[in-house]
Amino acid sequence: MVEKRKPIPVEEAVQKVMEHTVVHPQTEMVSIDESYGRFLAEDLLASHDVPAFDRSPYDGFAIRAEDTNEANSEHPISFEVVGEIGAGYVFEGEVKPFQAVRIMTGAPIPTDCNAVVMLELTKEISDKKIEIKRAFKDGDNISYQGEDTKKGTVLVEKGTQINPGVVALLATFGYHQVTVAKKPVIGVIATGSELLDVDEPLAPGKIRNSNAYMIIAQIERAGGEALYVGKLDDDLEACLNATKEALSKVDMLITTGGVSVGDYDYVPAILNDLGADVLFNKVAMRPGSVTTVATVGEKAFYGLSGNPSACYVGFELFVRPIIRRSLFCTHPHLQKVTATLGVDFPKVNPFMRLVRARVSYVDGALIVSPSGVDKSGIVSSLGGADCLLLLPGGTRGYQKGMSVDVLLLESTQGSEWPWNNIVPSYR
Ligand SMILES: Nc1nc2c(c(=O)[nH]1)N[C@H]1C(S)=C(S)[C@@H](COP(=O)(O)OP(=O)(O)OC[C@H]3O[C@@H](n4cnc5c(N)ncnc54)[C@H](O)[C@@H]3O)O[C@H]1N2
Ligand code: MOO
Ligand SMILES: [Mg+2]
């Protein structure tokens, strides 16, 4: 007798995973050179004012503004040039009335000066003499200490992924070592006697193992570290041993294939033998309905489908948020946005569909269309997918022009909890 499984709604499945599986966040120090793409384990604080001193935003002359009070085009005022400074140097001398210091962008304002006149607004009579034809006010063209940011300001919050802008801030404040979240280690096992290595030629009945490489890339995109255990034939003993050994080395374990009800689908037997707590083994979604998640002691076990699209979707829904949460992210799920359906989708399904799709901007509107054929065993639609189009199950199809919810695969922003109010369709 084939085991009868009871499907649970997608949001309930995600909730169960979030409640029952934990990878405790850990931290480590890395050099700034290796920080790009990592997740901050502490708020990034401004350790000093920026700028740290009043400076010139222009190439020009630093003056005392009050000396220009009488200046106009008929009555230019002469200034004696008493020094010059480029960025990186400090003018130590005194600047008296009707004296000026030639100053370059980024150089500190001399103590006695309170305005800068751009080179273009001065007339150079000689090396030592300039004329100014208009009045300036105290503070004109001065970039003041702290106007960019003040010491103590939280500039980037813990849990943020380090992008090039964050790297600039780390460097600005002298953080040559950064405390980041340690990447959780996720084991990957591919199962199936049909699987060939990528470098092997095709043979009758065989296919290349694409899922393992896909999952490794998904783990890295989510911010984790993959430990590829290998591909195994459909052999219960071998799969069980490999699973036990892998579980001892990783924070969580993913297997692909063998989760359904077929003769060589050994994941249910393996979980039984391990005494695992199965959170669910059927989700009301397409693809990925057979996705199985269990806990073995403290560790999460993900039995993802062998079908490539189902495997892909199962990862993004159930593994990604756990990885992101272990990286201190407060928005661990894929970011949900609303888009306009670009094509008709007449096929009806009682389960929620997660269609591999692509978003584009057309005349300012976000349009979403499938990136290929919508079947669980399809691999070709994955290459062009940058989102998952959510079509809740029901008895009616969807038409072009309807508003739909979309989960963005590449957005770094994420969602806190995207699974409430997913509206079936709304114009
Ligand atoms: N009688 C039923 N049959 C099936 C059911 C069902 O409910 N009753 N569910 C179907 C659904 S839905 C899915 S999804 C698949 C799930 O299959 P498994 O997770 O058991 O995976 P396998 O049987 O091992 O393989 C399925 C398919 O995927 C290919 N595959 C496997 N591993 C890889 C890999 N690493 N890279 C690329 N492709 C892979 C494999 O060759 C098969 O074609 O079950 C349905 N059947
Ligand atoms: O789990 Mo299967 O991928 O629903 O099609
Ligand atoms: Mg199977």
Side-chain angles (χ1 to χ4, degrees), residues 1-10 13 187-200 202-219 226 228-236 238-239 242-243 253-271 278 280-294 301-319 347-356 370 372-383 385 388 390-393:
M1 258 286 275
V2 174
E3 168 209 5
K4 188 108 180 85
R5 300 185 183 178
K6 189 180 171 321
I8 62 168
V10 180
V188 179
I189 295 177
T191 69
S193 300
E194 73 277 35
L195 302 178
L196 296 170
D197 273 327
V198 177
D199 56 359
E200 287 185 273
L202 281 184
K206 305 281 180 183
I207 61 163
R208 293 198 187 89
N209 165 23
S210 59
N211 288 354
Y213 295 92
M214 176 182 79
I215 296 170
I216 290 166
Q218 287 179 289
I219 290 171
Y228 182 38
V229 177
K231 67 174 179 64
L232 299 173
D233 285 341
D234 291 313
D235 174 298
L236 177 56
C239 289
T243 302
L253 179 64
I254 297 174
T255 63
T256 155
V259 273
S260 188
V261 293
D263 293 347
Y264 310 102
D265 290 339
Y266 291 131
V267 168
I270 291 170
L271 292 178
V278 177
F280 52 84
N281 60 12
K282 189 92 181 168
V283 186
M285 66 184 207
R286 276 269 126 81
S289 63
V290 293
T291 307
T292 298
V293 182
F301 174 100
Y302 293 88
L304 300 184
S305 166
N307 273 329
S309 284
C311 183
Y312 186 93
V313 169
F315 179 96
E316 295 298 333
L317 293 195
F318 304 118
V319 189
K347 263 198 305 184
V348 173
N349 200 295
F351 286 177
M352 160 133 33
R353 272 182 205 283
L354 295 110
V355 184
R356 281 72 61 220
V373 178
D374 184 52
K375 275 189 179 174
S376 151
I378 293 286
V379 71
S380 57
S381 62
L382 295 174
L388 300 174
L390 300 178
L391 297 178

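FYI, side chains are in, hydrogens and waters are out, and symmetry mates aren't considered; it's all heavy atoms of this structure. In each ligand, atom 1 is the first atom listed, and ligand 1 is the first ligand listed.
- Taking every non-hydrogen atom of Ser376 and a distance limit under 4.0 Å, the qualifying atoms of ligand 1 come out as 14 (S).
- For ligand 2, the atoms closer than 4.0 angstrom to any heavy atom of Arg286 are 4 (O), 5 (O).
- The protein heavy atom nearest to atom 33 (C) of ligand 1 is Asn211 ND2, 3.4 Å.
- Looking at Cys311, Gly258, Ala190 and measuring to atom 18 (P) of ligand 1, the nearest heavy atom belongs to Gly258.
- Nearest protein heavy-atom neighbour of atom 4 (O) of ligand 2: Ser289 OG, 2.8 Å.
- The distance from ligand 1 to the heavy atoms of Val261 drops below 4.0 Å at these ligand atoms: 1 (N), 2 (C), 8 (N).
- The atoms of ligand 1 that sit less than 4.0 Å from any heavy atom of Gly257 are 19 (O), 21 (O), 24 (O).
- Distance alone, capped at 3.5 Å, is enough to place a donor-acceptor pair between the Arg356 side chain and the Lys375 backbone.
- Looking only at heavy atoms of the protein, atom 7 (O) of ligand 1 is closest to Lys282 NZ, 3.8 Å.
- Taking CD of Glu316 as the reference point, atom CD of Gln218 lies at 4.5 Å (rounded to 0.5 Å).
- For Val290, every heavy-atom contact with ligand 1 shorter than 4.0 Å involves the side chain, none the backbone.
- Here Val259 has heavy atoms under 4.0 Å from ligand 1 in both its backbone and its side chain.
- When non-hydrogen atoms are compared, ligand 1 lies under 4.0 Å from the side chain of Leu195 (C-beta onward) but not from its backbone.
- At least one heavy atom of Ser210 sits closer than 4.0 Å to an atom of ligand 1.
- Atom 15 (C) of ligand 1 has Asn307 ND2, 3.5 Å as its closest protein atom, hydrogens excluded (heavy atom only).
- A donor-acceptor pair is defined here as one N or O able to donate and one able to accept, closer than 3.5 Å; such a pair exists between the side chain of Ser305 and the backbone of Asn307.
- Between the side chain of Asn211 and the backbone N or O of Gly306, at least one donor-acceptor pair lies under 3.5 Å.
- Remark: of the listed residues Leu271, Asn281, Thr292, Thr292 is the sole one forming a side-chain contact (heavy atoms from CB on, under 4.5 Å) with Val259.
- Heavy atoms of Asp234 found under 4.0 angstrom from ligand 1: none, in either backbone or side chain.
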Review point. Run the side-chain contact (heavy atoms from CB on, under 4.5 Å) check on Ile215 and Cys311 step by step: do they pass?
Key: CA-CA 8 Å; Ile215 296 170; Cys311 183; 3.6 Å; yes
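- Taking atom 35 (N) of ligand 1 as the reference point, the nearest protein heavy-atom neighbour is Asn209 OD1, 2.9 Å.
- Atoms of ligand 1 found under 4.0 Å from any heavy atom of Ser289, numbered from 1 in the order shown, are 12 (S).
- The closest approach between Gly288 and ligand 2 falls below 4.0 Å for a heavy atom of the residue.
- Not one N or O on the side chain of Thr255 forms a donor-acceptor pair closer than 3.5 Å with the backbone of Ile189.
- Side-chain contact between Asp234 and Ser193: present, with at least one pair of heavy atoms (C-beta onward) separated by less than 4.5 Å.
- Every atom of ligand 2 with a heavy atom of Val290 under 4.0 Å away is listed here by number and element: 1 (O).
- Looking from atom 38 (N) of ligand 1 to the surrounding protein, the closest heavy atom is Ile207 CD1, 3.2 Å.
- Lys231 places a side-chain N or O within 3.5 Å of a backbone atom of Leu195 that can act as its donor or acceptor partner.
- The side-chain heavy atoms of Thr291 and Met285, taken from C-beta on, include a pair separated by under 4.5 Å.
- Counting only non-hydrogen atoms, the option in Glu194, Lys375, Met285 that gets closest to atom 40 (C) of ligand 1 is Glu194.
- By the neighbour-count criterion of 12 heavy atoms within 6.0 Å, atom NZ of Lys347 is densely surrounded, having more than that number from other residues, nucleotides or ligands.
- Among protein heavy atoms, the minimum distance from atom 25 (O) of ligand 1 is reached at Gly306 CA, 4.0 Å.
- Near Pro287, meaning under 4.0 Å from one of its heavy atoms, ligand 2 places the atoms 3 (O), 4 (O).
- Side-chain contact between Ser289 and Phe351 is present, with heavy atoms from C-beta onward closer than 4.5 Å.
- Near Asp265, meaning under 4.0 Å from one of its heavy atoms, ligand 1 places the atoms 20 (O), 23 (O).
- What sits closest to atom 14 (S) of ligand 1 on the protein, heavy atoms only, is Ser305 OG, 3.1 Å.
- For atom 9 (N) of ligand 1, the nearest non-hydrogen atom from the set Ser260, Gly205, Pro308 belongs to Ser260.
- Within a 6.0 Å radius of OH in Tyr213, other residues, nucleotides and ligands contribute more than 12 heavy atoms.
- The main-chain N or O of Ser376 is never found under 3.5 Å from a side-chain atom of Arg286 such that the two would form a donor-acceptor pair.
- For ligand 2, the atoms sitting less than 4.0 Å from at least one non-hydrogen atom of Ala310 are 3 (O), numbered in the order shown with element in parentheses.
- Proximity of Ile270 to Leu236: side-chain heavy atoms (C-beta onward) are separated by under 4.5 Å at one or more points.
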